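These notes concern the structure reproduced below.
Residue numbers start from 1 in every chain, and the chains themselves are labelled A, B, ... in the order their sequence lines are given, proteins ahead of strands. All figures in this text were calculated on a predicted structure; none of them were measured in a lab.
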Protein chains: 2
Amino acid sequence: MTVEAKAVTTPASPPLTERQEARRRRILHASAQLASRGGFDAVQMREVAEAAGVALGTLYRYFPSKVHLLVATMQDQLQHMHTTLRKRPPAGQEPAARVAETLMRAFRALQREPHLADAMVRALTFADRSVSPEVDTVSRLTTAIILDAMGLDAPPTAEQLSAVRVIEHTWHSALITWLSGRASIAQVKIDIETVCRLIDLTAPGAAAAAPTPRKS
Amino acid sequence: MTVEAKAVTTPASPPLTERQEARRRRILHASAQLASRGGFDAVQMREVAEAAGVALGTLYRYFPSKVHLLVATMQDQLQHMHTTLRKRPPAGQEPAARVAETLMRAFRALQREPHLADAMVRALTFADRSVSPEVDTVSRLTTAIILDAMGLDAPPTAEQLSAVRVIEHTWHSALITWLSGRASIAQVKIDIETVCRLIDLTAPGAAAAAPTPRKS
DNA sequence: GGATAATGTAGAACAAGTTTCAGACTTGAT
DNA sequence: ATCAAGTCTGAAACTTGTTCTACATTATCC
C-alpha cells in the first residue's frame, strides 16, 4: 500500500460563472492550439484572443501576460498527463527505474507535440517573479508526478525531497537543451537515468554517500 | 598531477580590427552595466547602443538579437570567473566536495550582482535554436569549470561526463528558481550538494548503483 | 424589474525588439 | 592618391506584447 498523494489544487480565487469558465477553456485551448503549430513565437496574444472569440482586453483580464497564459496552459496539460500516467503505473522494481520510466513516458508525449513543449517550457523558465505562484503550482504538480512514480511506502524524507527537486531541475533543463537542438533524445534519456540514481542514493537505509555516517 | 584542461575557445570567425574589437567590448560593457542595474528588462537595445556610443544598426550587426547579446555577456563573465576560480582551487578532499565548493563560490559571486545574473541566466534558458552555438560555448565553459574543480587524474569517463551534465542542468535550473524568488539561497545550496553526490557515484571504481553489477 | 457594479468589446495608443535604408566613413588593393 | 567594398550612422518603419478608453452587456442585489 503506497502513501496517498495529496491532490495538487490551484487556489481558485474567485468562483467563475459558467460562461467565464467556458471562456477560460476556449482561451487555453486556443493557446495550446497555436503553440502546437509554431511554439512560443506562434502564440500571439491577438491571435489567441481572436481564436478564442474574446476581446484582447478580456484575454489580459484572464491571463495578465503571455507567460501567465502559457504557464497556465502547461498546468492544464500537466493535469492531463498526471491522470494519464496514473492509469498505467510504471512497471520497474526500483523507485529509480520507475521514476525514469515515468519521465521518459512524459518525454515521449512531449515529443509528439514539440512546438507545444517549446512554448510551455520556455515560458516556464522565462517566467519572472510576477508568475511565481503559477510556476509554483506547476512545480508542485511535477513533484507529485515524480513522488507518485516512486510509489513510496512512507512519506518522503527530506533527503528524498531534495533528490526529487534535483530531478525536476534536470528534467526542465534537459528539456530545454533538447528543444533548442543542443541535445539528442538519447542524451536526454541518459541524463534522466543518471539523475534518477540519486533516488537509490537517498532511499532510507541506503548507504549514504559522503558526509552522513551509516547507522547499521 | 591533474589532467590538463583544454582551453575553451570561441571560433572567432572573422578577425576584427582594433576599433571593432573596442566597439565590441564597449557594447558588452554597456550590456553588463545595464543588466546590473535592472536585470533582463533593463537591457534595452537602444540604451545599450547609446551607452556604447554605437548606432542601433551596428549593435545588431555585432549581436543579432538581445538574447545573443546577453549570452555573449555571460560568456564574457564566465571567462573572468573561470580564471578567478582557478587562482584558488577548492580545498575539499573529495571531487564532489570540490565541485560543490566551486559552484557555491560562483553562486556567491552571482549573489553580488543578482540583476546581472538574472539577465544572463534568463537569456541563456530562453535562447532558441538560432543561439545554439553561443549557448553551447557557455555550456562548454561551465563544463570546463566543473571538470577543473573535480581535479581528475585521468580523462573523465562517459559516466562522469553524464554526471557533469546533470550538475550543469541542476545549476542552471536552481539559479532560475532562486532568481524568481521560488527558492532560498539555502535551498540552492542543498540542491547543489545533493546533485554533487552523483560524482562519487560515478567515480571509476565506485560501487555502481542500479543497473551495472559491481565488479569487485 | 430596475439600479448599479462588474465584466466584456472594439479599437486606438504605447513600448521595446527588430528591420530597413540612404548616405557618410574606413579600409585595403591598386 | 583613388577606387571599390565593406562598415557605421541616424532615423524611420514595422511587429507584437501590453495598456488604455469609451461604450455595451451581464450579474447582483434590493
Side-chain angles (χ1 to χ4, degrees), chain A residues 13-28 30-31 34-35 37-73 118-120 122-124 126-131 134, chain B residues 13-28 30-31 34-35 37-73 118-120 122-124 126-131 134:
Chain A
S13 335
L16 298 185
T17 74
E18 208 165 309
R19 312 180 39 156
Q20 286 177 321
E21 193 53 54
R23 265 193 213 99
R24 203 186 120 90
R25 298 238 60 83
R26 285 207 307 280
I27 292 172
L28 285 176
S31 164
L34 287 170
R37 294 244 180 292
F40 188 88
D41 293 333
V43 180
Q44 303 195 355
M45 298 304 268
R46 290 174 234 260
E47 289 201 33
V48 173
E50 182 174 10
V54 121
L56 190 56
T58 304
L59 171 52
Y60 273 95
R61 177 187 287 271
Y62 280 74
F63 302 97
S65 79
K66 175 169 172 171
V67 170
H68 280 86
L69 170 58
L70 284 171
V71 171
T73 304
D118 172 77
M120 297 188 308
R122 297 256 299 284
L124 196 72
F126 190 61
D128 67 4
R129 299 179 109 83
S130 70
V131 205
E134 289 80 1
Chain B
S13 334
L16 298 184
T17 75
E18 207 165 309
R19 311 181 40 160
Q20 288 177 320
E21 193 53 54
R23 266 193 211 98
R24 203 186 120 89
R25 297 238 60 81
R26 284 207 308 280
I27 293 173
L28 286 175
S31 164
L34 287 169
R37 294 244 180 291
F40 188 89
D41 293 332
V43 180
Q44 303 197 354
M45 298 304 269
R46 289 175 236 260
E47 287 200 34
V48 173
E50 182 175 9
V54 121
L56 190 56
T58 305
L59 173 52
Y60 272 95
R61 176 187 288 272
Y62 280 74
F63 302 97
S65 79
K66 175 169 171 170
V67 169
H68 281 87
L69 170 59
L70 284 172
V71 170
T73 304
D118 173 77
M120 298 189 305
R122 297 257 298 285
L124 196 72
F126 189 60
D128 66 5
R129 299 179 109 83
S130 71
V131 205
E134 289 80 1

- Item | Any residue meeting side chain to side chain donor-acceptor pair (under 3.5 Å) with T58(A), in chain and number order, not counting sequence neighbours |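 By the side chain to side chain donor-acceptor pair (under 3.5 Å) rule, T58(A) matches no residue at all.
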- Task: Can you sort out the partners of R37(A) under side chain to side chain donor-acceptor pair (under 3.5 Å), two or more places apart, ordered by chain and number?
- Result: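 Checked R37(A) against side chain to side chain donor-acceptor pair (under 3.5 Å); zero matches.
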About how many Å separate [atom2] of [Y] and [atom1] of [X], when rounded to the nearest 0.5 Å?
| X | Y | atom1 | atom2 | value |
| --- | --- | --- | --- | --- |
| E50(A) | L56(A) | CD | CG | 11.0 Å |
| I27(A) | T73(A) | CD1 | OG1 | 10.0 Å |
| R122(B) | D128(A) | CZ | CG | 5.0 Å |
| D118(B) | D41(B) | CG | CG | 7.5 Å |

- Applying side-chain contact (heavy atoms from CB on, under 4.5 Å) to R25(B) and not counting sequence neighbours gives E21(B), L28(B), D76(B)
- Message: Just to verify, what does E47(A) make a side-chain contact (heavy atoms from CB on, under 4.5 Å) with, not counting sequence neighbours?
- Response: L34(A), Q44(A)
- Message: Give me each pair satisfying ring pair (Phe, Tyr, Trp, His ring centres under 6.0 Å) with a member in residues 47-66 of chain B, each pair once, sequence neighbours excluded.
- Response: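 For residues 47-66 of chain B, and leaving out neighbouring residues, there are no ring pair (Phe, Tyr, Trp, His ring centres under 6.0 Å) pairs at all.
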- Task: Answer with base, sugar-phosphate or nothing: what part of the nucleic acid does Y62(B) contact at a heavy-atom distance below 4.0 Å?
- Result: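 Sugar-phosphate only.
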- Query: By a strict heavy-atom criterion of less than 4.0 Å, which residues belonging to residues 47-54 of chain B are in contact with DNA chain C?
  - Reply: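 Within this stretch, nothing sits under 4.0 Å of the strand.
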- Separation of dC8(D) P from R24(B) CZ (nearest whole Å): 13 Å
- Query: Rounded to whole angstroms, how far apart are CG on L59(B) and P on dT7(D)?
  - Reply: 16 Å
- Message: For the residue pair K66(B) and F126(B), would you count it as a cation-pi contact if the rule is NZ or CZ under 6.0 angstrom from the ring centre and within 45 degrees of the ring axis?
- Response: no
- For A119(A) against L70(A), the heavy-atom pair lying closest together: O-CD1, 3.9 Å
- Query: In B/S/- notation, 5' to 3', how is nucleotides 15-21 of chain D contacted by protein heavy atoms closer than 4.0 Å?
  - Reply: -BBBB--
- Task: Assess whether side-chain contact (heavy atoms from CB on, under 4.5 Å) is satisfied between M45(A) and L69(A), documenting all intermediate values.
- Result: CA-CA 9 Å; M45(A) 298 304 268; L69(A) 170 58; 4.2 Å; yes
- Item | Side-chain (H68(A)) to main-chain (E134(A)) donor-acceptor, under 3.5 angstrom |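 A pair under 3.5 Å: no.
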Look for any protein N or O under 3.5 Å of an N or O in nucleotides 1-6 of chain D and output each such pair with its distance, or none.
none

- Message: Going 5' to 3' along DNA chain C, between which two nucleotides do contacts with chain A fall, using a heavy-atom cut-off of 4.0 Å?
- Response: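 The footprint of chain A covers dT7(C) to dA13(C).
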